[in-house]
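Computed from a predicted model, the values in this text were never measured in an experiment.
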Amino acid sequence: MPSNVEIKAVVRDLCHLTERAKELSGSDGTVIRQQDTFFRIPVGRLKLRDFQDGRGQLIFYERPDREGPKLSNYSISPTDDPQGLVNVLTDALGQVGQVKKERRLYMVGQTRVHVDSVEGLGDFMELEVVMKEHQSTEEGVAIANQLMLDLGVKEEDLIEGAYMDLLLKNQQNGHAS
């Protein structure tokens, strides 16, 4: 199963982060609009990513919910009928919820740098160090930590969990007040 080392953080200064990502990647990045639908499963996470252009991906992944760099194992299958697959999976498993975001992707070496604007949450940065076949988790963590420094991301801005978790937490807090 492929894996990557990931970190996720709140973005405090979007202009600074974007400029640093452009400098490090040597590009203006690629804009990707995504709608992720999460489904109820007993272990890990299952989501259907709809690129809003007739293409999508079914993604299963497992990773610990903690701050800082963490190993994520995943499987991906492309689809040309994301909405049809959402309907079938919703009927079979039930939905946890949806995350809508605009992502700007920058490639820095073997790392995918995502600058995400998430509907209902705000701006975030995510690093995915795509692990090579014989690379250790420690190497991936070292790459993530260095890139975090290079981008100006502070330890206190790191977050745990998925955007879906944050949206659900906000909904629960909103209903409680």
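Considering every non-hydrogen atom in both A162 and Y61, the closest pair reads CB-OH, 3.9 Å. Nearest approach of P69 to N145, heavy atoms of both residues: CG-OD1, 3.4 Å. The shortest non-hydrogen separation linking V5 to A144 is CG1-CB, 4.3 Å. Of all the heavy atoms in Q95 and T90, the pair that sits closest is NE2-OG1, 3.1 Å. Nearest heavy atoms, D65 versus G161: OD1-CA, 3.4 Å.
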Inset, instruction - Apply the test side chain to side chain contact (heavy atoms under 4.5 Å, CB included) to residues D36 and K101: give CA-CA distance (whole Å), side-chain angles for both, the deciding distance (0.1 Å), then the verdict. - result: CA-CA 8 Å; D36 293 345; K101 64 182 173 269; 2.8 Å; yes

Legend entry - side chain to side chain contact (heavy atoms under 4.5 Å, CB included) between I143 and Q135, intermediate numbers included: CA-CA 11 Å; I143 292 168; Q135 202 167 26; 3.7 Å; yes

Inset, instruction - Step by step, work out the side chain to side chain contact (heavy atoms under 4.5 Å, CB included) result for T37 and F39. - result: CA-CA 7 Å; T37 303; F39 302 96; 3.7 Å; yes

Legend entry - Derivation of the side chain to side chain contact (heavy atoms under 4.5 Å, CB included) call for F60 and I41: CA-CA 10 Å; F60 169 76; I41 59 171; 3.6 Å; yes

Inset, instruction - Carefully, step by step, assess R66 and E160 under the rule salt bridge (charged side-chain N to carboxylate O under 4.0 Å, His left out). - result: CA-CA 5 Å; R66 65 170 192 263; E160 63 183 54; over 6 Å; no

Legend entry - Intermediate values then yes/no, side-chain hydrogen bond (donor to acceptor under 3.5 Å, both in side chains), R49 and Q34: CA-CA 6 Å; R49 172 161 290 159; Q34 301 174 344; 3.3 Å; yes

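Both L85 and L93 are members of a single hydrophobic cluster when ILVMFWY side chains are connected at heavy-atom separations under 4.5 Å. Side-chain heavy atoms closer than 4.5 Å link hydrophobic residues (I, L, V, M, F, W, Y) into clusters, and following such links, even through other members, never connects Y74 to M131. By the criterion of side-chain heavy atoms lying less than 4.5 angstrom apart, applied directly or through intervening Ile, Leu, Val, Met, Phe, Trp or Tyr residues, M164 is grouped together with V118 in one hydrophobic cluster. Residues L168 and L46 fall into different hydrophobic clusters, defined by Ile, Leu, Val, Met, Phe, Trp and Tyr side chains chained together at heavy-atom separations under 4.5 Å.
The structure places CD of E102 at 11.5 Å from CD of Q52, a figure rounded to the nearest 0.5 Å. Taken from CZ in F38 to NZ in K47, the straight-line distance is 4.5 Å, to the nearest 0.5 Å. For the atom pair CD (E139) and NE2 (H134), the distance works out to 11.5 Å, reported to the nearest 0.5 Å. Atom-to-atom distance recorded for R40:CZ and R45:CZ is 13.5 Å, nearest 0.5 angstrom. Here R104 contributes atom CZ and S27 contributes atom OG; the two are 9.0 Å apart, rounded to the nearest 0.5 Å. Here CG of L121 is found 11.0 Å from NZ of K169. Values are rounded to the nearest 0.5 Å.
Within the 4.5 Å cutoff, no side-chain heavy atoms of R103 are placed close to those of R33. Side-chain contact between I159 and E67: absent, with no pair of heavy atoms (C-beta onward) separated by less than 4.5 Å. Within the 4.5 Å cutoff, no side-chain heavy atoms of R63 are placed close to those of L71. Side chains of V99 and L167 form a contact here, defined as non-hydrogen atoms less than 4.5 Å apart. In this structure, L58 and T79 have side chains that are not in contact, with every pair of non-hydrogen atoms separated by 4.5 Å or more. No side-chain heavy atom of S25 sits less than 4.5 Å from a side-chain heavy atom of M107.
When each of R112, Q110, E128 is checked for a side-chain contact (heavy atoms from CB on, under 4.5 Å) with N4, only E128 meets the rule.
Ring centroids of Y163 and F124 are separated by less than 6.0 Å, placing the two rings close together.
Here L151 is tied into one hydrophobic group with I7, V11, L14, L17, L24, Y106, V108, V113, V115, M125, L127, L147, M148, V153, L158, each link being a pair of ILVMFWY side chains closer than 4.5 Å.
With respect to E6 and K70, no salt bridge is recorded, no charged nitrogen being found less than 4.0 Å from a carboxylate O.
Atom CD of E156 has more than 12 heavy atoms from other residues, nucleotides or ligands within 6.0 Å.
Side-chain atoms of D53 come within 3.5 Å of backbone atoms of R55 as a donor-acceptor pair (strictly under, hydrogens ignored). Side-chain atoms of E23 never come within 3.5 Å of backbone atoms of R20 as a donor-acceptor pair (strictly under, hydrogens ignored).
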